[in-house]
Structures are given as structure tokens and as C-alpha cells.
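Here the structure comes first, spelled out in C-alpha cells, and everything after it is commentary.
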Amino acid sequence: MSQQSKSQEAAHDGEPEDDPQRRTPDDLRSREVTDGPERAPHRAMFRAMGFDDADLDSPMVGIANPAADITPCNVHLDSVAESAIEGVDEAEGMPIEFGTITISDAISMGTEGMKASLVSREVIADSVELVAFGERMDALVTVAGCDKNLPGMMMAAIRTDLPSVFCYGGSILPGEHGGREVTVQDVFEGVGTYAEGEMSREELDDLERSACPGAGSCGGMFTANTMASIAEAIGLAPLGSASPPAESDERRAVAREAGEIALDAVAEDRKPSDILTRASFENAIALQVAMGGSTNAVLHLLAMAAEADIDLDIETFDEISRRTPKIANLQPGGTRVMKDLHDAGGVPVVIRRLIEGGYMDGDAMTVTGRTIAEELDELDLPDDESIDADFLRPVSDPFYEEGAIRILTGNLAPDGAVIKVTGEEGLRHEGPVRVFEREEGAMEYVQEGHVDSGDVLCIRNEGPKGGPGMREMLGVTSAVAGQGHAEDVALFTDGRFSGATRGFSIGHVAPEAFADGPIAALEDGDRVTIDVTERTLEVDLTDAEIESRLTERERPDPDYTSGVLAKYGAMFGSAAEGAVTNPGAKRE
């Protein structure tokens, strides 16, 4: 758990109200709806909800809460939001809770519904922005559970540039099956093992019933836990706030502290634009690659940088990964889960090693008003020597000399593609490609047992525009892994792979097929070479041959011509730019 900042303590100990560095109530934006005789009707509406004079004289803090009964990631968030509300109350603020949507990635996985997932990131950012703008709020505490909640909430905070604190809902505890810890990733891979005849239906059923024992986001270093960890490294969440389990007193304490910090941020007028810099984003990337975090973080950090108008390109991820060692043994590339990291001291123990090794900038600012290095000094962390080296290595003796994220380019991905490397073996793959126009065709092919060692599978027309929505394909990659081919069958796509994906899986190929990217020119049997060491994704065709095929190709009609998928599909930018839809954000 993170510690209360000194600036907060000063505020709560009666710091003089005439401090010129602190905002006064008259400076608050909420005065537009709470102050003066002409606002009597507005105050009447607030009084109908139980707010009193003291509330109306206080900073108005929005508590954005995506609680829902459609995913274990979010089913408990009302209690997390309630603790944040208590923190705002204790710090003499006016908490106003409002809801946002969520989509369960795991439940929509492998279905048409997964196309809604990335769209939900944008809808969350848009909805929080609209409420904060329309209600004239002074600050935000953004609560998040499932994968796209996290970047959506942080994008909203950046876009509104209100004093904001990010508050994660916490991770699910691992289940137990066959004497070992398991997560939902094991269930997805179990489907492939069952299809291969290596697992009985009864065992799969028992695994299904054991893997997810309660509330919280998926337990490995998948997308939600990756983005929660990044929130600490980038400065938008207090240090130590990512790892406490969802169903724990520590998680409620983290939320309560978030509410308190929000009031201090209002008093100091400390906004995301005062925190986020190029160094902040480089810190976030260094943590991502050192921990083996999700490839989805590439997409989301690019989108967040675009919102912040900070220059960040996809090649930066590769540059930082080349110079940053991988030091954590976390699922899906490793064996441990977020609860194990929490027991070892949480994300700060990783950050401490990276700062001491010169891989992160300890002078970067955080939401508390202090630097990361200063925050580390306030935490009671275990000694490095007491942490299991099979779980977390020193930077001088890492699991791998380079970080887990690699950016590939070449004549199939001129604008880049993303792979997470979980080992140093089998980094080159060559063979004839089998092309699928959407995920379902590839899944059927794998489930019917056609996939074999050495295969190269391409899934296209699943990009931000072409999907639309850039579906994650954990079902396909898990089925391949479950059949024993995680390291000897290659898949690449203009869509995405889940944070739980492992093996030779390359996503975010840009430009996408729908935008006439070279991936659209592929035909069955074309020889594709993937060389992770050289960072290349190539097909054995000349530029003229690719161009000729693209010229002759007819672009497929959009699957959706009305409704939310059509609307956001038309607005999405390239995956290489973060797939942003905000027209004011930096994009091509």
C-alpha cells in the first residue's frame, strides 16, 4: 500500500488557507454551478441528493465507477468506489459518483462481441470527459477493473486535465487445480488441450470451476495488471497501489487514499499535464518490458501520449526494450501472478531496481506531488536480498538481457508490428502462410487439428477499422498453445492478441488490411519470414508484386454500416498511432 504524501499531511494538519501556492474555494470550476443567487436551482438539485452547504462549498470530485455484474473484474467496484468516496469526504471534498460502461474481454473473447472491447476504451474516455465537463467538476478519481477501463480512465484524466487520481480495482486471486495455481489463461489453453485429446472433458470442467475463485481482474501480468503497474510508473497512481488483491482491506485503503490525494491535488492545482512528460512515458515502457507486460500496453500508451500531446512513436518501445533487461517471472511468459508480486513488495520493488540500474528516471513526478524516488523513500519495502530470485532478478543478472517487447518492421509491416518475447529460443520462423480473413476461420482450422509444427497463420481484416475494433484473439493463440505449438507455430494479425497470449504471436500489423496495408496482398502459400532478432516481418514478394496485388484487390465492405461499431470504426486511427479516435489527439 502506498503512503500518504507529506503535502497531504500538511493539508490535513491545518496548513494556512492563505498559502499562495494553494487554490482557494473561489478558484474552483464547480462554482459555476454552486455559487451565487442565480445558481439556486442548481443547488436545489444537489440538495435533492442529500448534499448540504458544506458540500457545496467544497471541491467537487467525480468518482467514475464502471461497476457491473458482467465481469468479475468489475463486480466489486462499488465497494472500491465507496472507499474512494470516504477518502474524499474525510479530506472535506464533495464526492459525486457516476457510472461508465465496461466490456468483459474474457467473456467476449472469440466472439463477434470482442469487437466492442477497444471501442469501450473510447466510450469510457468520452463518457468521463462528458460528465466532468458537463457537471463542471473540479477533480476526478477514476476507478477501473477490466482491461479497457484502465487506459480509458487515464485517457479521460489526461484529456480533461483535471486534478486526477487513478484507482485500480485489483486483481483476482489465483485458483488451484491439480496442486498448482491457475488463472483463466489456463482455461483458454485447456480448450486446445482438450481438442487435442490430451485433457478429458471432466478435467476441463474442473479447471473451469477452479480458475476464477472471486472478484478481480485476471491474475497474471495480463493487460489489466500491466496497465495498473504502468499507472504507478507513469505517475498517475500512487506507488504500491496496483498489487493489493481486489478482495482485501488493502485494496479499500488504496481507494480511500486516492480520494484523499485528489483533494490535495485540487488544492495544489496538480494536473496530469504537470505530471506527464516524455520521461514519464519512457518510465512506463521500461517497466512494461522489464516485467513482461501485455502487448496491449503499446497501443494504450501510444493513445495516452497522443491525448497528452507528447511525442511518442512505436519505435520507442523497441529502443527501450533493447536496453532494458527482463527481470520478472510473471504469467503469461513466466509462472507467478500479481498476488505473488504483492507479497514481494509490489510494483515499487521492480521500480526500485530499475531506477538503481539506470533504466528509469527517479526524478519523474507523481500524482502525490513528489518524485518517484521520493515516493520510494517513503515506502517500507523488503530488502532486495529477501526477494526470491526465481521470481524477481537483479538487473545485473536478469532472466533476459533485453525486455519482452519487440517491434518488427518489413514489407509486411512498414509501420510496425508488436510481439512479446517470452524466451530467447526460436526467434526466427519461416514458412508458407495460410491466410484467414477473420478470426473464426483460423479458430476452426486450429480446433479441427490442421495446425502443425512450422505453420505460419495470418489473420487479417481484424484491425481498428477493418474489424472494426481490433479483436483480441486469445482463443486462437491459446488453442495453438494448448496443442503444444506455442513456440513452433507463428501467428500474425492486424488485430490484437490478449495480454494472456504467449508464444510466437505478432499483432498490431500496420497498416492494416482494410487500409490497403501489404498484409492485404498475401495469398496462401506465400513464403513469410519472421526474424525477431533482426526485428523483421517479411514476405518473399517484390514491392511491385505487392502493389500489383493491392491494385487488383477489392476492399471488403464494412461489416457494420450503422450504430456504434460503424461510428467508431470510421474514426479509429492506425494501431501504430494508438488507434485513437479523438480528433484533437495526435494522429496521422
Side-chain angles (χ1 to χ4, degrees), residues 110 185 188-199 295 332-333 400 404-413 417-462 472-498 500-509 513 518-542 545-546 549:
Q185 175 195 358
F188 274 103
E189 294 189 5
V191 173
T193 306
Y194 168 72
E196 189 74 358
E198 298 296 324
M199 178 183 286
T295 55
Y400 303 111
I405 297 296
R406 313 286 168 89
I407 305 300
L408 312 184
T409 57
N411 66 356
L412 275 177
V418 184
I419 184 172
K420 178 165 64 176
V421 177
T422 56
E424 296 297 336
E425 300 299 323
L427 296 183
R428 192 177 191 279
H429 195 103
E430 182 178 355
V433 70
R434 177 75 166 83
V435 181
F436 301 92
E437 300 300 336
R438 60 202 314 263
E439 177 187 3
E440 285 79 0
M443 187 64 174
E444 181 179 356
Y445 181 83
V446 174
Q447 287 290 79
E448 289 178 352
H450 300 305
V451 70
D452 201 1
S453 178
D455 282 354
V456 181
L457 309 181
C458 168
I459 307 171
R460 66 187 178 195
N461 294 312
E462 292 284 5
E472 290 182 3
M473 302 183 203
L474 179 59
V476 177
T477 58
S478 294
V480 169
Q483 293 180 21
H485 294 297
E487 306 300 333
D488 63 17
V489 167
L491 300 92
F492 63 97
T493 179
D494 51 8
R496 295 181 294 132
F497 290 119
S498 166
T501 291
R502 61 189 178 93
F504 224 125
S505 303
I506 301 162
H508 309 201
V509 172
I519 190 174
L522 280 179
E523 296 176 358
D524 285 347
D526 287 340
R527 196 157 192 83
V528 169
T529 301
I530 303 163
D531 193 321
V532 177
T533 303
E534 296 298 323
R535 269 67 168 183
T536 56
L537 175 60
E538 299 270 357
V539 61
D540 190 16
L541 296 172
T542 66
E545 288 172 322
I546 292 174
R549 288 187 186 180

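- Between V456 and F492 the shortest side-chain heavy-atom distance falls below 4.5 Å.
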Which atom pairs, one a donor and one an acceptor, fall under 3.5 Å between side chains of residues 431-438 and the rest of the protein, sequence neighbours left out?
| residue | atom | partner | partner atom | Å |
| --- | --- | --- | --- | --- |
| E437 | OE1 | R460 | NE | 3.1 |
| E437 | OE1 | N461 | ND2 | 2.7 |
| E437 | OE2 | R460 | NE | 3.1 |
| E437 | OE2 | R460 | NH2 | 2.7 |
| R438 | NH1 | E440 | OE1 | 3.1 |
| R438 | NH2 | E112 | OE1 | 2.9 |

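- In this structure, CZ in R406 is found 11.0 Å from CG in D531, a value given to the nearest 0.5 Å.
- Not a single side chain to side chain donor-acceptor pair (under 3.5 Å) links D540 to another residue, sequence neighbours left out.
- Taking E430 as the reference, R428, R527 meet the side chain to side chain donor-acceptor pair (under 3.5 Å) condition, with sequence neighbours excluded.
- The structure places CD1 of I419 at 10.5 Å from CZ of R535, a figure rounded to the nearest 0.5 Å.
- Taking both residues in full, the closest heavy atoms of F188 and S478 are given as CB-OG, 3.3 Å, listed atom of the first, atom of the second, then distance.
- A donor-acceptor contact shorter than 3.5 Å links the side chain of E462 to the backbone of E439.
- Residues F497 and L491 form a side-chain contact, since some pair of their non-hydrogen atoms from C-beta on lies under 4.5 Å apart.
- Here D455 pairs with nothing under the side chain to side chain donor-acceptor pair (under 3.5 Å) rule; sequence neighbours left out.
- Listed here is the closest heavy atom pair of A513 and A520: O-CB, 3.7 Å.
- Considering every non-hydrogen atom in both L457 and V446, the closest pair reads CD1-CG2, 4.1 Å.
- How far CD of E538 is from CG of L412: 7.0 Å, rounded to the nearest 0.5 Å.
- The backbone N or O of G482 sits less than 3.5 Å from a side-chain atom of T193, completing a donor-acceptor pair.
- Between the side chain of H429 and the backbone N or O of G454, at least one donor-acceptor pair lies under 3.5 Å.
- Once rounded to the nearest 0.5 Å, the distance linking CD1 of I546 with CG of L522 reads 8.0 Å.
- For Q447, the side chain to side chain contact (heavy atoms under 4.5 Å, CB included) partners at least two apart in sequence or on another chain are V191, A195, M443, A479, Q483.
- When all heavy atoms are compared, the tightest approach of L541 to N411 is O-ND2, 3.3 Å.
- For the atom pair OG1 (T529) and CD (E534), the distance works out to 12.0 Å, reported to the nearest 0.5 Å.
- The minimum heavy-atom distance linking A521 with D526 is given by the pair O-OD2, 4.2 Å.
- Remark: L537 CG to I519 CD1 distance equals 8.0 Å, nearest 0.5 Å.
- Side-chain contact check for M473 versus S505: every heavy-atom pair is 4.5 Å or farther apart.
- Counting heavy atoms from C-beta on, the side chains of D488 and S453 come closer than 4.5 Å.
- For the salt bridge (Lys or Arg N to Asp or Glu O under 4.0 Å) test, residues two or more places apart in sequence or in another chain that qualify with E523 are R549.
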